[in-house]
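Each chain gets a letter, A, B and so on, in the order its sequence line appears, and its residues count up from 1.
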Number of protein chains: 2
Amino acid sequence: MDEPNPIIDALDLAGYQLTAPRRAVAGLIHSYGGHFTALELEAAARDRRLGVSRATLFRALELLTELGVVERIDLTTGEHAYVACAPAHHHHLVCSRCGRTADVEDSGVAEAVAQIARRSGYRIDSHRLELFGLCRHCQAKTNLSA
Amino acid sequence: MDEPNPIIDALDLAGYQLTAPRRAVAGLIHSYGGHFTALELEAAARDRRLGVSRATLFRALELLTELGVVERIDLTTGEHAYVACAPAHHHHLVCSRCGRTADVEDSGVAEAVAQIARRSGYRIDSHRLELFGLCRHCQAKTNLSA
DNA sequence: GCCACGTTGAGACTGAGTCTCGACAAACGG
DNA sequence: CCGTTTGTCGAGACTCAGTCTCAACGTGGC
Ligand SMILES: [Zn+2]
Ligand SMILES: [Zn+2]
Ligand SMILES: [Zn+2]
Ligand SMILES: [Zn+2]
């Protein structure tokens, strides 16, 4: 019943109260393997009768985003989605079919960014890279059905 | 009065009618050096009394996005913005101070992406890279005032 | 107990974008 | 030339995302 949840840990560590609504939202987010939209999260909270108001839900999302344990990504469709992840700089690899996301370390990206900075004369402070494709699992399924 | 406008050309080339509202929106977008939000575009259309309805404005944006001459980017603040650009794969370098954007060719990014694909086992179909920082101009200003 | 502060829920509000519908204009076919 | 089809438009309702205000409540500290 009380599985370890890094999201709750992060809240605790940052000195926030571990209230029931926050625990509920944290649990909900933790249960997603991939990305989720605000709408989905709202619906899930309603379905499970968590008794979390919309405002609190968004407040929790904002808080967790600041702590770096949740990130907002933008899908190719233009939709916004959120994804739980570790609070360190990295990028997201999103499966366009099943929504599963993988964290990606900086394999050569930092270098490319540095080169862009050199060529453009801009001082680059931050960047965001999102990658879309098919995870191994969905590739296999595609090959079978083809 | 009739400056060349690549946006209008793109509409023409794709076989769309060059109606007054479309010309108006195209002219408006063309006049921006950097990114603009939906709200700004709306306000600009209203101020100049272009007589373009909201629906048409968004329809035009959608159309131009499909044609690749306008792209939607996501600022660090979480805001959506649009930017006029050439219909080829490239990335955007956005000045966080003045909003000026520069197009960036793929300096080493493709390679990094290929490496990520190899390591992760995902089949990567597309990616999006957005870079934020200060343009030369704004760097100079910062140095002076510092 | 009192007070400060953090947190919450309800609900109004804004921004972004979509959708429907009726009008109109261009394109087309006879 | 007329009728039809297709493209485009404006108005306005609608949805979704997110923010804000405000009053209520709980948990401290003192
Ligand atoms: Zn992540
Ligand atoms: Zn998948
Ligand atoms: Zn561009
Ligand atoms: Zn600048």
Without decimals, in angstroms, what is the distance between B:Asp12 CG and D:dT8 P? 12 Å
Determine the contact category for A:Gly78: base if any of its heavy atoms lies under 4.0 Å from a base atom, sugar-phosphate if only primed atoms, P, OP1 or OP2 are that close, otherwise nothing. nothing
Can you find a heavy atom in the side chain of B:Val25 that is under 4.5 Å from one in the side chain of B:Val52? yes
Nearest-nucleotide check on DNA chain D, A:Glu62 vs B:Leu50; residue mapping nearer the 5' end is B:Leu50
Counting side-chain heavy atoms from C-beta on, which of C:dT8, D:dA17, C:dC19 comes nearest to A:Leu39? D:dA17
How many whole angstroms separate atom CZ of B:Arg46 from atom P of C:dG15? 10 Å
State whether A:Ser53 places a side-chain N or O below 4.0 Å from either non-bridging phosphate oxygen (OP1 or OP2) of C:dT8. no
Atom CD of B:Glu79 and atom P of C:dT14: how far apart are they, to the nearest Å? 17 Å
Atom-pair distance (CG on B:Leu57; C1' on C:dG17), nearest Å: 11 Å
With a 4.0 Å limit, can you tell me whether B:His80 has a side-chain N or O closer than that to the phosphate oxygens OP1/OP2 of C:dG17? yes
How long is the line joining CG of B:Leu63 and P of D:dT8, in whole Å? 8 Å
With a 3.5 Å cut-off and just heavy-atom distances, do the side chain of A:Arg54 and the base of C:dG11 make a donor-acceptor pair? no
Would you say A:Thr19 reaches C:dT8's phosphate, i.e. side-chain N/O to OP1/OP2 under 4.0 Å? yes
With a 4.0 Å cut-off on heavy atoms, is A:Ala38 in touch with a base, just the backbone sugar-phosphate, or nothing at all? sugar-phosphate
Check every atom of C:dA26, D:dA17, D:dC9 against the side chain of A:Thr37 and return the nucleotide holding the closest atom. D:dA17
Among D:dG10, C:dT8, C:dG17, the one nearest A:Arg22 by side-chain distance: C:dT8
Can you tell me the distance, in whole Å, between the CG atom of A:Leu41 and the P atom of D:dA17? 11 Å
Go through the N and O atoms of the side chain of B:Arg59 and the base of D:dG7, and report whether any donor-acceptor pair is under 3.5 Å. no
Could you give the CZ-to-C1' distance, from B:Phe36 to C:dG15, as a whole number of Å? 16 Å
Grab the two heavy atoms, one from A:Asp125 and one from B:Gly133, that are nearest each other, plus how far apart they are. OD2-CA, 3.5 Å
Do B:Ile8 and B:Leu41 share a hydrophobic cluster, counting only Ile, Leu, Val, Met, Phe, Trp and Tyr and linking them when any side-chain heavy atoms are less than 4.5 Å apart? yes
I want to check one thing: is the phosphate of C:dG17, taken as OP1 and OP2, less than 4.0 Å away from some side-chain N or O of B:Tyr82? yes
Check: A:Arg128 and B:Asp74 side chains under 4.5 Å, non-hydrogen atoms: yes
Is there side-chain contact between B:His90 and B:Val104, with at least one heavy-atom pair below 4.5 Å? no
Integer-rounded Å distance: D:dG28 C1' and A:Gln17 CD: 9 Å
Let me see the working for B:His127 and B:His89 under side-chain hydrogen bond (donor to acceptor under 3.5 Å, both in side chains), right down to the final yes or no. CA-CA 10 Å; B:His127 64 272; B:His89 176 70; 3.1 Å; yes
Need to verify one output field. Residue with the more 5' nearest nucleotide on DNA chain C, A:Ala20 or B:Phe58? A:Ala20
Measure from the side-chain heavy atoms of A:Arg72 and tell me the nearest of D:dG7, D:dG18, C:dG9. D:dG18
